[in-house]
There are 2 protein chains.
Amino acid sequence: MSGSTPRRPRRHDPGRRDRLIDAALTVIRERGVAGTTHREIARTADVPLGSMTYHFASLDEVLAEAFTRHAALVARVFDERLSAARDRDAAVEAVISLVSDDLLGSQHDLVLSVELYVAAARNPALRAVTQAWMARSRQALERHFDATTARELDALIEGLVLHSALSTDPMTPGQIRHAIYRYLS
Amino acid sequence: MSGSTPRRPRRHDPGRRDRLIDAALTVIRERGVAGTTHREIARTADVPLGSMTYHFASLDEVLAEAFTRHAALVARVFDERLSAARDRDAAVEAVISLVSDDLLGSQHDLVLSVELYVAAARNPALRAVTQAWMARSRQALERHFDATTARELDALIEGLVLHSALSTDPMTPGQIRHAIYRYLS
DNA sequence: ACATCATACGTACAAGCGTACACATCAAAT
DNA sequence: ATTTGATGTGTACGCTTGTACGTATGATGT
C-alpha cells in the first residue's frame, strides 16, 4: 500500500544547482530558448518548482549559466583536438575532424550554438559569453595558424557548420575537407 | 476641444494585411521573435488587436509570412548585385560589396536572418522558407561560379557575416575582401 | 433607398508564465 | 538535547499571452 506516489527523497543534495544547469541545457536543446521555462527545467531535473527560485535569481541567470557551460564544453573540444596536432598538416586534419565529427555529428548542439547567438544579440550578459567563446576558439586555432588565417578559418567553419545543419542536404565530410583545403590553398 | 483622443479613422483599408506583415518584421527586428506578440504588432501598425486574428489564423502564420518577405528582400539584393556583374572579376567585387555594404551595413537585418535560422530549426514551415532562400542565393552565385564553389562561397559569406555581426570588433571591408580573395585563390 | 455581407473592432477568457514567500526540514554547532 | 540557520518545498498572485466571438460598419449590387 504505502506511498504509491513516487516519493521525492531528495533532501539536501549538493550539486543540485549543477544538475539544474544541465537540465536547462537539455531543455534548450529540445524546446529552444523560447520553450525554456522554470517549470520545464524543474520537471526535467525532477525537482520542485520552488527549487529554481532558490538556486537562481532569475530565469536569465539560468540561461546565462547554461550557455556558459555549453560554450566551455565546445571550447574544450577545440582545445583538445588542436593541441594534439603536432604540425600544420595535422592541424588541418584536426580542423576537418572537428567540423565533420564533433560539430556536425551532434545536430542538437549546433542549434544550441545558434540559439546562443540570437540570445546574445538581445542580451548583453550573454554577449560576453559568446565573445569569450569566439575568442577562445580563435586562440586555439592560433596555435597553428597566423591571426588573420585563424579568424578567417573560424568564420569559414562557422559558415560550413551552420549551412550544413540547416540544409536538408548537409555537406559530407569529403565536401567539408574540400572547402577547408581550398581555403588553406 | 473636440475629441482629443486620436481617432482611428481607418475603416476599410486594403493592404492592411501587407502593412501588418511589415509591422511584424519591424517588431522582430527590434524585439526578436521572442518579443513578438499580436499586441506588439498591432500597436506598431496602429490597428486594433482584433485585426490580427481577422487577417491571420495564428501568430505562426504571421511569422512565416514576415520571414518569407524578409527572405525575398535579401534574395533580391543578391540577384541584383550578381546579375549586374559581367565577368568573374566583377562578380567577385559584387560579392564583396554584397557582404560589406548590404549585409554588414544593416546590423538589424542580420540578426533577423539568424532569428530565422533558429525559428526554422524548430518549425518545419519556416524551414522551407530558409531553404528556398539558401537555394536562391546559391543559384545567384552559380551565375558566375561552379556549383561547388558557389556552395562553399555561400557558406564562407554566411560565416563572415555572422562572425562579424556578433563581434564587438567587426571585420572591416578590407578584411572581408582579403578573406574572399584568399578563398577564391 | 435598401439589403447584404465581407471587413473591422472591442472585449473577454483560459492558460501559462516568472516570481515571491511562508513554512518544513535537517546538519552542524553548542 | 537544543538551537540555529542554511537549504528545500508548496502554493498563490499578478501579469501577459493567443485566441474566440458578438457586435458595428460601410461598400456594393440592386
Side-chain angles (χ1 to χ4, degrees), chain A residues 3-28 30-67 115 119 122-123 125-126, chain B residues 3-28 30-67 115 119 122-123 125-126:
Chain A
S4 62
T5 330
R7 289 280 147 214
R8 207 198 289 275
R10 228 180 264 133
R11 287 267 154 198
H12 278 109
D13 83 282
R16 168 174 293 196
R17 208 187 128 95
D18 267 2
R19 286 197 304 113
L20 288 178
I21 296 173
D22 282 339
L25 268 182
T26 302
V27 174
I28 298 172
E30 287 175 2
R31 321 244 176 184
V33 170
T36 300
T37 66
H38 276 139
R39 285 168 176 82
E40 197 68 35
I41 297 169
R43 207 174 300 134
T44 299
D46 191 35
V47 301
L49 173 60
S51 197
M52 295 301 300
T53 49
Y54 177 73
H55 286 288
F56 304 95
S58 71
L59 187 59
D60 269 354
E61 187 180 314
V62 187
L63 291 178
E65 300 238 19
F67 277 130
E115 295 254 11
R122 312 282 171 195
N123 183 334
L126 293 181
Chain B
S4 61
T5 331
R7 287 281 147 213
R8 206 197 289 278
R10 234 182 259 128
R11 288 268 154 195
H12 279 110
D13 82 284
R16 169 175 292 195
R17 207 186 130 97
D18 267 2
R19 285 196 306 114
L20 288 178
I21 295 173
D22 281 339
L25 266 182
T26 301
V27 174
I28 297 172
E30 286 175 2
R31 320 247 177 183
V33 171
T36 300
T37 67
H38 276 139
R39 286 168 176 82
E40 197 68 35
I41 297 169
R43 207 173 300 135
T44 299
D46 190 35
V47 301
L49 174 60
S51 197
M52 295 301 300
T53 51
Y54 175 73
H55 287 287
F56 304 95
S58 72
L59 187 58
D60 269 354
E61 187 180 314
V62 187
L63 292 177
E65 300 237 20
F67 277 131
E115 295 253 12
R122 313 282 170 195
N123 184 333
L126 293 181

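The chains referred to below are lettered A, B, ... by the order of the sequence lines, with proteins before strands, and numbering in each begins at 1.
Considering only heavy atoms from C-beta on, B:Leu20 stays 4.5 Å or farther from B:Val62 through its side chain.
Note: A:Asp46 CG to A:Ser51 OG = 10.5 Å, rounded to the nearest 0.5 Å. Atom NE2 in A:His55 sits 9.0 Å away from atom CZ in A:Arg19 (nearest 0.5 Å). If you take CD1 on B:Ile21 and CG on B:Leu63, they are separated by 11.0 Å, rounding to the nearest 0.5 Å.
In the region residues 49-62 of chain A, proximity to DNA chain C at under 4.0 angstrom, judged on heavy atoms, holds for A:Leu49, A:Thr53, A:Ser58, A:Leu59. Residues from residues 31-41 of chain A placing a heavy atom under 4.0 Å of any atom in DNA chain D, listed by number, are A:Arg39.
Taking every heavy atom of both residues into account, B:Leu49 and B:His38 meet most closely at CD1-CB, 3.8 Å.
Between the side chain of A:Thr26 and the backbone N or O of A:Asp22 there is at least one donor-acceptor pair closer than 3.5 Å. In this structure, the side chain of A:Glu61 does not engage the main chain of A:Phe56 through any donor-acceptor pair within 3.5 Å.
Every salt bridge (charged side-chain N to carboxylate O under 4.0 Å, His left out) that B:Glu40 has, sequence neighbours left out, goes to B:Arg31, B:Arg43.
When the C1' atom of D:dG8 is taken as reference, atom CZ of A:Arg17 falls 15 Å away, rounded to whole Å.
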